[in-house]
Amino acid sequence: MYQFLHTLLGDRTGGEVFRCFGLWHIFWIGLAAGLFTVLYKALRSRNEQTRQKTLGALTDLCFGLYILDFFLMPLAYGEIDVEKLPFHACTAMCVLCFLSRRSDFLNRFRESFALLGFVSNFVYLLYPAGVMWHSVHPLCYRVIQTLLFHSLMSVACLLELLLGRAGSRWQHLTVTAAMTVWAMAGNYVYNTPDRLYNWFFVVRDPFYILPEHMAPFVMPVLNIGLFFAAEMAVCAAVRWARNREVRDAV
């Protein structure tokens, strides 16, 4: 049984390869855009209870995909990849979005989790470098799981921002700073001379512009500034969309 599942889920090489902005990549982006459009149009005229029930179900689905991956990775790759631990913003915000619907304390930061979750997952959806590095077939488990997870997280987080409450800038900044500290802790514990995870890009410049000895000191501060700026841009777009909907309704 293991060999059958390993063959079914394992990386497929040879033949077609998943490429950035290739046909299959565009398919996933289009799928996410289509799903968002359908759900947004269906939910914006519904009552708050229906909205929250749907958003909660989407969040649960994303969390379920994330947890399921830990059980399927040994079958697909022969091991559990430590990099999938929640020290990247994409996975950490998935866990926190899920928990925020079950914790009164975390619930006050729910929009901030969704905001950082949208920015991080959408950026990865546009440039799925971790998938491309493996040069695998577009229909293998690695590609499908990764792109499906980031697509659903992008949709769920954007819907949360458009249909939910508006968090404060200080909450957004606090969550981004806390995520940076959390990623630094993960890198400190798990990085070895043989494997550098660089969770949330806080110990190495992903573009290799900064010298390696400077990056661990510069990148945490730079990361907070860049992600917070991106979040403010998304907030401005969300406010514009909400105001336009109000004007159209009048």
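Below, all heavy atoms of this structure are taken into account, side chains as well, without hydrogens, waters or symmetry copies. If you read the sequence from its start, that first residue is 1, and numbering goes on from there.
A distance of 8.5 Å separates CZ in Phe87 from CE in Met179, rounded to the nearest 0.5 Å. Here Tyr77 contributes atom OH and Asp11 contributes atom CG; the two are 6.0 Å apart, rounded to the nearest 0.5 Å. Interatomic distance, His172 NE2 to Leu115 CG, rounded to the nearest 0.5 Å: 5.0 Å. Interatomic distance, Thr91 OG1 to Tyr124 OH, rounded to the nearest 0.5 Å: 11.0 Å.
In this structure, Arg51 contributes its side chain and Leu43 its backbone to a donor-acceptor pair below 3.5 Å. A donor-acceptor pair under 3.5 Å is formed between the side chain of His6 and the backbone N or O of Leu75. Listed for the Arg242 side chain is a donor-acceptor partner under 3.5 Å among the backbone atoms of Leu162. A donor-acceptor pair under 3.5 Å is absent between the side-chain atoms of Asn121 and the main chain of Met153, judged by distance alone. The backbone N or O of Cys97 sits less than 3.5 Å from a side-chain atom of Ser100, completing a donor-acceptor pair.
In Asn47, the CG atom is crowded: over 12 heavy atoms of neighbouring residues, nucleotides or ligands sit closer than 6.0 Å. Around atom CD of Glu16, more than 12 heavy atoms belonging to other residues, nucleotides or ligands sit under 6.0 Å away. Dense packing is recorded around CZ of Arg44, with more than 12 heavy atoms of other residues, nucleotides or ligands lying under 6.0 Å away. Applying the 6.0 Å contact sphere to OH of Tyr127 captures no more than 12 heavy atoms from other residues, nucleotides or ligands. Counted within 6.0 Å of NZ on Lys53, heavy atoms from surrounding residues, nucleotides or ligands total 12 or fewer; the atom is thus considered open.
Taking every heavy atom of both residues into account, Met219 and Phe201 meet most closely at CE-O, 3.2 Å. The shortest non-hydrogen separation linking Pro74 to Tyr2 is O-OH, 3.5 Å. Pro128 approaches Leu125 most closely through the heavy-atom pair CD-O, 3.8 Å. Listed here is the closest heavy atom pair of Trp199 and Gly186: CZ3-O, 3.3 Å. In terms of heavy atoms, Ile144 sits closest to Leu139 at CD1-O, 3.5 Å.
Under 3.5 Å, the side chains of Asp81 and Tyr197 contain no donor-acceptor pair of N or O atoms.
For Phe200 and Phe227, the gap between ring centers is short of 6.0 Å.
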